[in-house]
Protein chains: 2
Amino acid sequence: MADSPRRATILEVARDAGVSKTSVSRYFSGERDRLSPDMQRRIASSAGRLGYRPNQMARGLKAGRSRLIGMLVADIRNPFSVAVMHGVEQACRAHGFSLMVCNTDNDPAQERDHLALLTAYRVEGLVVNVTGRPGHELEALAAQDTPLVLLDRALGDVEADMVGLDNDQAIDTALDHLRAQGYGELLCVSEPTEQASSRQQRLGRFRERLDADGLQGEACCLALDDAPALERAIAGFLDRPSHAPKALLCANGNVTLAVTRALQALDVTLGETGLLGIDELDWCALVAPGITTLAQPTEAIGRAAVDSLLQRLAAPERPAPSRQILFTPELNARGSTRR
Amino acid sequence: MADSPRRATILEVARDAGVSKTSVSRYFSGERDRLSPDMQRRIASSAGRLGYRPNQMARGLKAGRSRLIGMLVADIRNPFSVAVMHGVEQACRAHGFSLMVCNTDNDPAQERDHLALLTAYRVEGLVVNVTGRPGHELEALAAQDTPLVLLDRALGDVEADMVGLDNDQAIDTALDHLRAQGYGELLCVSEPTEQASSRQQRLGRFRERLDADGLQGEACCLALDDAPALERAIAGFLDRPSHAPKALLCANGNVTLAVTRALQALDVTLGETGLLGIDELDWCALVAPGITTLAQPTEAIGRAAVDSLLQRLAAPERPAPSRQILFTPELNARGSTRR
DNA sequence: TTGTAGGCGTTATCAA
DNA sequence: TTGATAACGCCTACAA
């Protein structure tokens with residue numbers, strides 16, 4: 001039907017149905033019961049014929065609430081981010097919110113731009129997983145009473161809830177497993193840590209535990225796009241004389257991918273040399289003899305982020321102290337840590 | 001700074017700066033040159049102090065344009081979809097649009113809901129990759145002059161541009177490669193085709209080519225979540241006596257994943273039994289001896305979708321006939337098709 | 001049960 | 001160069 005060149009407005013429906021705007025508004029605002037059956041029919045008919053849909057912009061403007069949640073994702077091509085986003089979206093939907101996702105490609109400039117954008121659309125809450133330090137902008141938002149949740153990465157100076165993996169526990173589980181499997185000399189590989197608190201925490205805990213447990217080991221931070229450098233670093237570690245079997249610990253899924261490539265290039269046999277990655281990926285079971293991982297409960301993390309937002313949205317008057325919600329990783333033991 | 005409880009409005013800025021709303025509006029609408037330097041300074045100062053940002057909802061309402069492009073994605077966890085989405089987002093950004101993405105999880109009900117949502121926000125264009133047949137809804141949109149692009153999957157009854165892979169060419173390339181590598185008996189594995197035209201096309205072309213080329217082969221359609229059924233189907237194919245080496249052709253990335261799992265479960269040696277997948281994935285090079293793929297130019301597809309939208313947006317008066325924009329796949333020959 | 005009027009934050013028109 | 005005013009589409013007192 002609907003062949004009007006422009007989207008119909010409430011006024012046109014009202015005219016067409018021979019009723020007032022108010023009645024049409026009521027019809028579409030869940031107050032149908034207050035309208036006579038006859039009027040309901042007429043409105044339904046006109047609205048259907050005209051293809052009328054309430055304009056959410058106008059609604060949002062009037063009501064002062066956009067029903068929009070914003071999400072800033074540092075790297076949309078990272079399966080972990082997508083999985084969390086999926087959880088976030090489901091939760092938003094379940095609570096009548098829509099999600100507006102912005103991918104920043106780890107670019108601080110895009111972060112700022114997209115933040116401005118989401119602000120402009122008056123998102124009622126923000127799930128943030130960023131690289132840079134848009135601390136100032138976020139503080140401003142928080143000050144305007146826009147609830148904020150930090151995902152995976154904390155921003156020291158921003159007062160907001162944070163949800164993510166229990167990194168200490170993850171590292172502990174990883175090291176316990178590797179030691180139990182007989183590996184005694186470890187290399188922890190991470191992307192540069194400046195911009196991501198979770199990376200810092202994982203590396204920090206790794207170093208602590210080494211000292212405490214008397215394990216041999218070292219950590220290295222590398223940009224993943226430089227494959228030769230990564231291969232050199234790994235080769236250096238593996239060539240070193242030692243008394244115990246060696247293993248690699250990958251601080252996240254991207255690292256696991258890059259390291260696995262490097263190990264194949266170096267013709268290393270998995271298992272003989274241990275490999276354990278944080279983040280579960282589709283293919284980890286497929287690369288022989290299977291890559292051991294620590295899986296994050298991504299959907300739960302996404303839901304928790306939204307829950308946190310909604311709680312603050314529900315009680316804006318008393319700003320509860322900011323919390324950390326940490327999740328326990330799950331170990332998927334596979335052949336890459338079996339000697 | 002900005003510690004007002006609520007977001008500042010243009011009126012508050014105007015008052016604070018001692019000027020009129022109009023001037024503030026001009027300042028933020030790229031008409032700064034028309035304001036005296038003094039006034040510019042005052043407005044900048046007040047706006048900064050108050051943390052003012054133009055309300056995009058109000059702007060959209062007033063201007064009748066939301067600056068929003070909507071995208072409906074059938075399965076956000078499919079890396080192919082994400083890659084295309086990335087291209088779409090970049091292109092939108094480059095042209096001053098923002099992207100609102102909705103994931104439908106292949107659920108027609110969610111498709112309908114999300115479509116309504118995007119409509120409610122008055123998206124100015126729509127990139128659609130769906131499972132079901134929201135043909136009616138989409139037609140209505142098209143009739144309202146909202147430009148539409150179909151991604152990967154055509155909808156027979158909807159008049160809109162379509163962008164995707166040249167499926168015929170993809171199948172041809174795949175079969176040529178497999179035959180050149182000495183495989184003579186083929187199994188093409190696909191997900192059920194009812195809901196996705198691209199699947200139908202790939203399967204259709206596969207059958208055509210078999211007949212034309214005198215190759216042996218068959219096709220099977222399966223829901224991927226039933227691993228045992230898939231294994232049975234593959235085992236049945238492989239057990240059959242034959243004169244020529246056998247190969248599997250996976251109709252998309254999800255299939256490649258499931259089939260690779262099945263082949264490992266069946267302890268099949270890749271290469272000896274050929275394997276070629278449509279869609280390139282992170283891990284295809286990692287699974288020994290490397291899985292041969294046909295890569296889609298995902299970013300280009302995304303950009304083309306937006307281009308198509310923008311063209312129609314730019315010239316709404318003369319509705320050009322709907323086009324198909326098809327892309328050529330790229331062959332990544334690896335060990336899985338080397339005997 | 002139904003309608004009238006005013007305003008949400010912005011921009012466009014017109015006048016000064 | 002500046003400002004007053006009227007919309008944009010909708011919702012919500014308030015009135016009938």
Task: Nearest-Å distance for atom pair CZ/C1', residues R34(B) and dA12(C) - done: 11 Å
Task: With sequence neighbours excluded, residues passing side chain to side chain donor-acceptor pair (under 3.5 Å) with E137(A) - done: R112(A)
Task: Within residues 13-31 of chain B: residues closer than 4.0 Å to DNA chain D (heavy atoms) - done: V19(B), S20(B), K21(B), T22(B), S23(B), R26(B)
Open item on the list: Could you work out, with salt bridge (Lys or Arg N to Asp or Glu O under 4.0 Å) as the rule, every residue matching R93(B), not counting sequence neighbours?
Closed with: D113(A)
Task: Proximity to DNA chain C (any heavy atom under 4.0 Å), residues of residues 55-70 of chain A only - done: L61(A), K62(A)
Task: Sub-4.5 Å side-chain heavy-atom contact between R153(B) and V130(B) - done: no
- [ ] Specify the residues of residues 114-121 of chain A, ordered by number, for which at least one heavy atom lies under 4.0 angstrom from an atom of DNA chain C.
- [x] none
Task: Lys/Arg N to Asp/Glu carboxylate O, R312(B) vs D161(B), below 4.0 Å - done: yes
Task: Within-4.5 Å side-chain heavy-atom neighbours: R7(A) and N55(A) - done: no
Open item on the list: Over all strands shown, is R53(B) touching base, sugar-phosphate only, or nothing at heavy-atom distances under 4.0 angstrom?
Closed with: sugar-phosphate
TODO: May I ask you to test the V128(B)-V149(B) pair for a side-chain heavy-atom distance under 4.5 Å?
DONE: no
Open item on the list: Once side chain to side chain donor-acceptor pair (under 3.5 Å) is applied, what residue pairs with a partner in residues 59-73 of chain A remain, sequence neighbours excluded?
Closed with: none
Open item on the list: Are the side chains of Y52(B) and I10(B) in contact, using a 4.5 Å heavy-atom criterion?
Closed with: yes
Open item on the list: My understanding is that only residues two or more places apart in sequence, or in another chain, count here; which of them pass ring pair (Phe, Tyr, Trp, His ring centres under 6.0 Å) with F327(A)?
Closed with: none
Task: Selection residues 26-36 of chain A - residue pairs positive for salt bridge (charged side-chain N to carboxylate O under 4.0 Å, His left out), sequence neighbours left out - done: E31(A)-R34(A)
TODO: Shoot me the first and last contacting nucleotide of DNA chain D against chain B, ordered 5' to 3', at under 4.0 angstrom to non-hydrogen atoms.
DONE: dT1(D) to dG9(D)
Task: Validation row: M100(B), L118(B) side chains within 4.5 angstrom (heavy atoms) - done: yes
Open item on the list: Ignoring hydrogens and geometry beyond distance, is a side-chain donor-acceptor pair present between R41(A) and S45(A) at under 3.5 Å?
Closed with: no
- [ ] With sequence neighbours excluded, tell me which residues meet salt bridge (Lys or Arg N to Asp or Glu O under 4.0 Å) with D38(A).
- [x] R42(A)
Open item on the list: What I'd like to find out is whether the side chain of V306(B) reaches to under 4.5 Å of the side chain of Q311(B), using heavy atoms alone.
Closed with: no
- [ ] Runs of at least three consecutive Watson-Crick or G-U pairs, both distances under 3.5 Å, are what I'm after; which ones involve DNA chain D?
- [x] C:1-16 with D:1-16
Contacts under 3.5 angstrom, residues 70-87 of chain B side chains, donor-acceptor by atom type, not counting sequence neighbours:
| unit_1 | atom_1 | unit_2 | atom_2 | d |
| --- | --- | --- | --- | --- |
| D75(B) | OD1 | R77(B) | N | 2.9 |
| R77(B) | NH1 | H86(A) | ND1 | 3.4 |
| R77(B) | NH1 | E299(A) | OE2 | 3.3 |
| R77(B) | NH2 | H86(A) | NE2 | 3.4 |
| N78(B) | OD1 | F80(B) | N | 2.8 |
| S81(B) | OG | D75(B) | O | 3.3 |
| H86(B) | ND1 | R77(A) | NH1 | 3.4 |
| H86(B) | ND1 | E299(B) | OE1 | 3.3 |
| H86(B) | ND1 | E299(B) | OE2 | 2.9 |
| H86(B) | NE2 | R77(A) | NH2 | 3.3 |
| H86(B) | NE2 | D105(A) | OD1 | 3.1 |
| H86(B) | NE2 | D105(A) | OD2 | 2.7 |

